[in-house]
Amino acid sequence: MARFILGVTGASGAIYATRTAIYLKKFGHEVSLIVTKPGRDVVEYEGQSALFDYVARVFNVDDFFAECASGSADYAGMAVVPCSMGTLGRIAAGTSDNLLVRSADVCLKERRALVIVPREMPYNLIHLENMERVTRAGAVVIPASPQFYSRPTSIEELVDTVVAKVLKHLGAGSAADCAGVVKPWESPHTHLSS
């Protein structure tokens, strides 16, 4: 169907990346992965090495000749999951100092979907200003803040409440696809106006 870039940084929460890759592949998309060195360490430490089983290719974070460094490459969008505050700051500043940040910059300049999932708390003013900058530039910031309306019974179900939002904002799944990840909120009460 479409090709997406998945960027993974050294922020804790590698399970968010794994679950995003699982659903992108399940929905028929091709996933290209870029992982920073700290990201690789966290993926391994948090027991999420299965992430690599759900991607078509892995690009070296220092390879500026990789196709995703160019706006002429055919990618539908990118998610940075989880996104460290350092990477967020570099994306906000447009530094393009590695392939992950360059790919995010390409998505912004080409007006493609860019979803950033920060996994940090609390935020300081610099973090908030960087989130504002990338939002103004066209990205969507989805903090790794799961919801509990669906009454998740496992860590995976809890994580999927964030992943469903990522998929929706990437344009990677239909409403029905995303509803298959996490059932949309429906009020348990019906209010009739008279």
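Everything numeric in this text was worked out from a predicted model, so none of it was measured.
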For this session: Check whether any side-chain N or O of Thr135 sits under 3.5 Å from a backbone N or O of Met131 as a donor-acceptor pair, and report yes or no.
Result: yes
Exercise. SG of Cys83 to OH of Tyr16: how many Å apart, nearest 0.5 Å?
Worked result: 14.0 Å
For this session: Walk me through it: do Lys183 and Ser150 pass the test side chain to side chain contact (heavy atoms under 4.5 Å, CB included)?
Result: CA-CA 7 Å; Lys183 187 175 183 242; Ser150 58; 5.5 Å; no
Problem set entry | Heavy-atom pair with the smallest gap, counting every atom of Ala139 and Ile116 | CB-CD1, 4.2 Å
Exercise. So do Leu100 and Thr36 actually touch side chain to side chain, heavy atoms under 4.5 Å?
Worked result: yes
Problem set entry | ILVMFWY network linking Val163 to Val31, side-chain heavy atoms under 4.5 angstrom | yes
Exercise. Do Leu128 and Leu88 belong to the same hydrophobic cluster, where Ile, Leu, Val, Met, Phe, Trp and Tyr are linked whenever their side-chain heavy atoms lie under 4.5 Å apart, directly or via other members?
Worked result: yes
Exercise. Side chains of Ser32 and Tyr75: do they bring a donor and an acceptor to under 3.5 Å?
Worked result: yes
For this session: Look at the aromatic rings of Tyr23 and Phe27 and report parallel, tilted or perpendicular, splitting at 30° and 60°.
Result: tilted
For this session: Considering non-hydrogen atoms only, spot the tightest contact between His127 and Pro122 and give its length.
Result: ND1-O, 4.1 Å
Problem set entry | Spatial distance of atom CG (Leu99) from atom CD1 (Ile34) [nearest 0.5 Å] | 4.0 Å
For this session: State whether the number of non-hydrogen atoms from other residues, nucleotides or ligands found under 6.0 Å of Lys109 atom NZ is greater than 12.
Result: yes
Exercise. Going through the distances and angles, do Glu30 and Phe4 end up as a side chain to side chain contact (heavy atoms under 4.5 Å, CB included)?
Worked result: CA-CA 6 Å; Glu30 184 179 290; Phe4 290 95; over 6 Å; no
Exercise. Does the side chain to side chain contact (heavy atoms under 4.5 Å, CB included) test come out yes or no for Arg40 and Val58, once each step is laid out?
Worked result: CA-CA 12 Å; Arg40 282 185 182 274; Val58 180; 3.4 Å; yes
For this session: Check the pair Val162 / Ser145 against side chain to side chain contact (heavy atoms under 4.5 Å, CB included), numbers first and verdict last.
Result: CA-CA 7 Å; Val162 174; Ser145 302; 5.7 Å; no
For this session: Would you name the heavy atoms of Ala21 and Leu51 that are closest together and state the gap between them?
Result: CB-CD1, 3.8 Å
For this session: Please examine the side chains of Tyr123 and Pro143, heavy atoms only from C-beta on, and report whether any two atoms are closer than 4.5 Å.
Result: yes
For this session: Can you measure from CD1 (Ile5) to CZ (Phe59) and round to the nearest 0.5 angstrom?
Result: 7.5 Å
Exercise. Mind checking whether Val42 and Tyr54 sit in one hydrophobic cluster, side chains of I, L, V, M, F, W, Y counted as touching below 4.5 Å?
Worked result: no
For this session: Quick one: pull up CD1 in Ile22 and NZ in Lys25 and give me the separation to the nearest 0.5 Å.
Result: 10.0 Å
For this session: Identify which one of Leu6, Val117, Thr9 satisfies the side chain to side chain contact (heavy atoms under 4.5 Å, CB included) criterion when paired with Val80.
Result: Thr9
For this session: Verify the neighbour count for atom CZ of Phe52: are there more than 12 heavy atoms of other residues, nucleotides or ligands below 6.0 Å?
Result: yes
For this session: Rounded to the nearest 0.5 Å, what's the gap from CD1 on Ile91 to CG on Asp97? Could you check?
Result: 10.0 Å
Exercise. Could you state the interatomic distance from NZ (Lys26) to CG (Leu167), rounded to the nearest 0.5 Å?
Worked result: 10.5 Å
For this session: Please answer whether the main-chain N or O of Ala14 pairs with a side-chain N or O of Glu46 as donor and acceptor at a distance below 3.5 Å.
Result: yes
For this session: Check whether any side-chain heavy atom of Glu67 lies under 4.5 Å from a side-chain heavy atom of Arg3, and answer yes or no.
Result: yes
Seminar exercise, completed: Minimal heavy-atom distance between Ala79 and Leu170, with the atoms involved, is CB-CD1, 4.0 Å
Exercise. For the side chain of Arg90 and the backbone of Gly86, is there at least one donor-acceptor N/O pair under 3.5 Å apart?
Worked result: yes
Problem set entry | Donor-acceptor contact present, side-chain Glu157 to main-chain Thr153, <3.5 Å | yes
Exercise. Counting only N and O atoms by type, is there a donor-acceptor contact under 3.5 Å from the side chain of Thr161 to the main-chain atoms of Pro146?
Worked result: no
Exercise. If every non-hydrogen atom of Asn130 is compared with every non-hydrogen atom of Ala92, which pair is closest and at what distance?
Worked result: OD1-CB, 3.6 Å
Exercise. Between the side chain of Arg102 and the main-chain N/O of Ala69, is any donor-acceptor distance below 3.5 Å?
Worked result: yes
Exercise. Can you check salt bridge (Lys or Arg N to Asp or Glu O under 4.0 Å) on Arg133 and Glu129, steps first, answer last?
Worked result: CA-CA 6 Å; Arg133 286 184 79 184; Glu129 288 175 345; over 6 Å; no
For this session: Please confirm whether the backbone N or O of Phe148 pairs with a side-chain atom of Arg151, one donor and one acceptor, at under 3.5 Å?
Result: no
For this session: For Arg112 and Gly71, indicate whether the former's side chain and the latter's backbone hold a donor-acceptor pair under 3.5 Å.
Result: yes
For this session: Determine yes or no for a side-chain-to-main-chain donor-acceptor pair under 3.5 angstrom, with His29 supplying the side chain and Leu24 the backbone.
Result: no
For this session: Check whether any side-chain heavy atom of Ile142 sits under 4.5 Å from a side-chain heavy atom of His169, and report yes or no.
Result: yes
For this session: Measure the shortest side-chain to side-chain distance between Thr95 and Val101 over non-hydrogen atoms and say whether it is less than 4.5 angstrom.
Result: yes
Exercise. Quick check: are there more than 12 heavy atoms from other residues, nucleotides or ligands sitting under 6.0 Å from CD of Glu156?
Worked result: yes
Problem set entry | Nearest heavy-atom neighbours spanning Val8 and Val81 | CG2-O, 3.5 Å
Exercise. Given the rule that I, L, V, M, F, W and Y join up when any side-chain heavy atoms are under 4.5 Å apart, are Leu33 and Val159 in one cluster?
Worked result: yes
Problem set entry | Flag side-chain contact, heavy atom, 4.5 Å: Pro118 against Met85 | yes
Exercise. If we only count heavy atoms from C-beta on, is the Cys107 to Met78 side-chain gap below 4.5 Å?
Worked result: yes
Problem set entry | Side-chain touch Val182/Gln147, heavy atoms, less than 4.5 angstrom | yes
